[in-house]
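Shown next, in structure tokens, is the structure this report addresses.
Below, each value reflects all heavy atoms present in this structure, side chains not excepted, and no hydrogens, waters or symmetry copies. Below, chains carry the letters A, B, ... as their sequence lines are ordered, and counting in each starts from 1.
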Amino acid sequence: MKTVRFSVYRFDPSSDKKERYATYEVPYKTGMTVLDGLLYIKERLDHTLAIRYSCRMGICGSCGMTVNGLPRLACYTQVKEVGWSLKVEPLRNHPHVRDLVTNFDEFFKKHKSVKPWLVRTDSREQESPTSQYLQSDAELEKYIQFSYCISCGLCYSACPVVSSLPEFPGPQALALLYRYLADSRDQSRSERLKIVDEAVGIWRCHFAGSCSQVCPKGVDPALAIQLLRREMMRG
Amino acid sequence: MRATRAQSRSYSTVLKTMLLPAGYSVERWSYTLQRVTGVVVTLYFVLHVVETGNFIGGPGVWYVPSKDFAASYYEQVKELLHNPIFDAGLVIIGWMVAFHTINGLRLTLAHFGITLGKPTRVDPESPPRSFSNYQRAIFWASIALATFAAVYSVDALFGVLSG
């Protein structure tokens with residue numbers, strides 16, 4: 001039977017002084033994902049392995065990890081497409097908790113800072129609606145692509161600017177800000193632009209494009225950031 | 001749960017994420033090249049202006065009127081720098097300056113949203129719209145023109161082509 005070699009990053013801050021890589025041989029099955037392999041390890045070979053996952057179908061965004069050097073969703077990545085020898089590590093740019101589990105506190109703090117919701121100033125209309133908010137196809141297409149974000153943190157992990165400048169908001173937060181800015185129903189354009197018009201704000205993006213390459217949902221954060229920057233220059 | 005921030009921000013991980021574009025698209029290679037060339041050209045500029053003057057005439061050269069300085073030290077500087085090691089360095093600097101300039105124009109266009117695709121409904125089969133053909137063409141043009149600048153520098157300094 002064909003086997004897949006998993007070299008998995010292991011580190012438990014409560015007992016280990018240094019990280020190490022444990023190697024496991026996992027029997028291959030057609031259609032096997034990286035998450036399937038890790039669950040086989042956890043169930044049959046080493047119960048102490050810490051991983052985070054939930055939906056197993058690329059929707060919840062919980063199982064992000066670095067596989068052979070690139071951030072990927074473990075449930076969305078076929079073993080066949082990355083090779084028979086896998087090096088599995090936690091996501092970069094996120095603080096590590098244990099083994100492959102990372103801490104998302106900072107990531108979600110930045111996410112929240114861009115006000116990822118529609119802001120309306122017509123409070124009377126909000127309390128007693130008299131009509132619907134209609135949008136044309138053209139208006140929808142300005143932001144629909146960026147609304148597919150599942151906050152998996154892969155773009156944040158791939159971003160070289162976050163790596164060297166941890167205060168940088170990161171591609172996910174900036175793309176989400178543009179998603180609401182471009183929405184014809186939103187009424188807080190100037191406030192939104194002010195949020196990231198900071199020394200360590202949108203101007204620190206250098207268009208490395210890695211965020212768009214690794215996004216499993218085709219969101220293209222690099223495009224959103226450049227378009228946001230264009231909006232800022234227009235004022 | 002205790003998060004160990006030190007683990008994720010180790011120098012090796014930061015350097016790997018910052019400077020190793022292996023596995024990523026040409027946009028990431030462009031980012032790394034743009035940063036490296038920017039740092040090197042800036043350092044070169046500082047060394048060129050400050051250290052050459054200090055080396056030749058000592059700190060006192062900065063108090064000498066520019067015309068006298070030029071007249072006194074031009075030949076000495078020329079003699080110091082005229083050796084194959086500095087010439088090879090100038091060829092590399094020539095490549096870097098040309099690349100950084102043209103690739104910088106590409107990035108400036110992108111910052112204004114020019115040469116990028118428009119957002120659309122997600123198509124899993126298509127590459128990201130930000131990786132547009134125009135953007136990639138300008139990137140490869142910057143590589144080609146930088147290489148031309150390097151070849152020209154080699155010829156000017158070593159006389160390889162013109163003999």
query: Around B:Phe45, counting heavy atoms of other residues, nucleotides and ligands shown, do more than 12 lie under 6.0 Å from its CZ?
result: no
task: Measure across B:Arg121 and A:Asp137 and return the closest heavy-atom pair with its distance rounded to 0.1 Å.
output: NH2-OD1, 4.2 Å
Heavy-atom pairs under 4.5 Å with chain B, option from A:Leu70, A:Ile144, A:Asp105 with the top count: A:Leu70
message: Rounded to the nearest 0.5 Å, what separates atom NE2 in B:His111 from atom CD in A:Gln226?
response: 5.0 Å
A:Arg5 CZ: over 12 foreign heavy atoms closer than 6.0 Å: no
- request: Determine whether B:Leu116 and A:Phe207 make a side-chain contact, defined as any pair of heavy atoms from C-beta on separated by less than 4.5 Å.
  value: yes
task: Return yes if some donor-acceptor pair links the side-chain N/O of A:Gln145 with the main-chain N/O of B:Thr120 below 3.5 Å, else return no.
output: yes
- request: Check each atom of A:Tyr148 against the heavy atoms of chain B and say whether the ones under 4.5 Å are side chain, backbone, both or neither.
  value: side chain
Chain B contacts, top residue of A:Lys217, A:Glu141, A:Glu231, A:Lys142 (heavy-atom pairs, under 4.5 Å): A:Glu141
message: Taking NZ in A:Lys42 as the centre, count heavy atoms belonging to other residues, nucleotides or ligands within less than 6.0 Å. Is the count above 12?
response: yes
- prompt: Is it the side chain or the backbone of B:Tyr24 that comes within 4.5 Å of chain A heavy atoms, both, or neither?
  reply: both
Which portion of B:Ser30 sits near chain A, non-hydrogen atoms under 4.5 angstrom: neither
field: Heavy-atom closest pair, residues B:Ser130 and A:Ala222
entry: OG-CB, 3.8 Å
query: Under the 3.5 angstrom rule, does the side chain of A:Gln213 hit a backbone N or O of B:Gly23 as a donor-acceptor pair?
result: yes
statement: Applying a strict 4.5 Å limit to non-hydrogen atoms, the region of A:Cys159 in contact with chain B is backbone
- line: chain B shares the most heavy-atom pairs under 4.5 Å, among A:Thr102, A:Leu227, A:Val161, A:Asp220, with A:Asp220
- prompt: What do you reckon, is CG of B:Leu43 surrounded by more than 12 foreign heavy atoms closer than 6.0 Å?
  reply: yes
query: Hey, which of B:Phe112, B:Phe131, B:Trp29 has the most heavy atom pairs under 4.5 Å with chain A?
result: B:Phe112
message: With a sphere of 6.0 Å drawn around CG of B:Asn133, does it hold more than 12 non-hydrogen atoms of other residues, nucleotides or ligands?
response: no
message: At a heavy-atom distance under 4.5 Å, which candidate from B:Gly113, B:Pro128, B:Pro119 has the highest pair count against chain A?
response: B:Pro119
task: Sort A:Tyr143 into side chain, backbone, both or neither according to what part of it lies under 4.5 angstrom from a heavy atom of chain B.
output: neither
query: Got more than 12 heavy atoms from elsewhere within 6.0 Å of CH2, B:Trp140?
result: no
- request: Verify the neighbour count for atom OH of A:Tyr21: are there more than 12 heavy atoms of other residues, nucleotides or ligands below 6.0 Å?
  value: yes
field: Under 4.5 Å from a heavy atom of chain B, the part of A:Ala158 involved
entry: both
Proximal component of A:Ser157, with respect to chain B [non-hydrogen, under 4.5 Å]: backbone
- prompt: So which of A:Met232, A:Arg229, A:Met233, A:Arg234 has the biggest tally of heavy-atom pairs under 4.5 Å with chain B?
  reply: A:Arg229
task: Indicate whether any N or O donor in one side chain lies under 3.5 Å from an N or O acceptor in the other, for A:His206 and B:Arg35.
output: yes
Contact class of A:Leu228 relative to chain B, heavy atoms under 4.5 angstrom: neither
message: Using heavy-atom distances under 4.5 Å, tell me whether B:Gln135 contacts chain A through its side chain, its backbone, both, or neither.
response: side chain
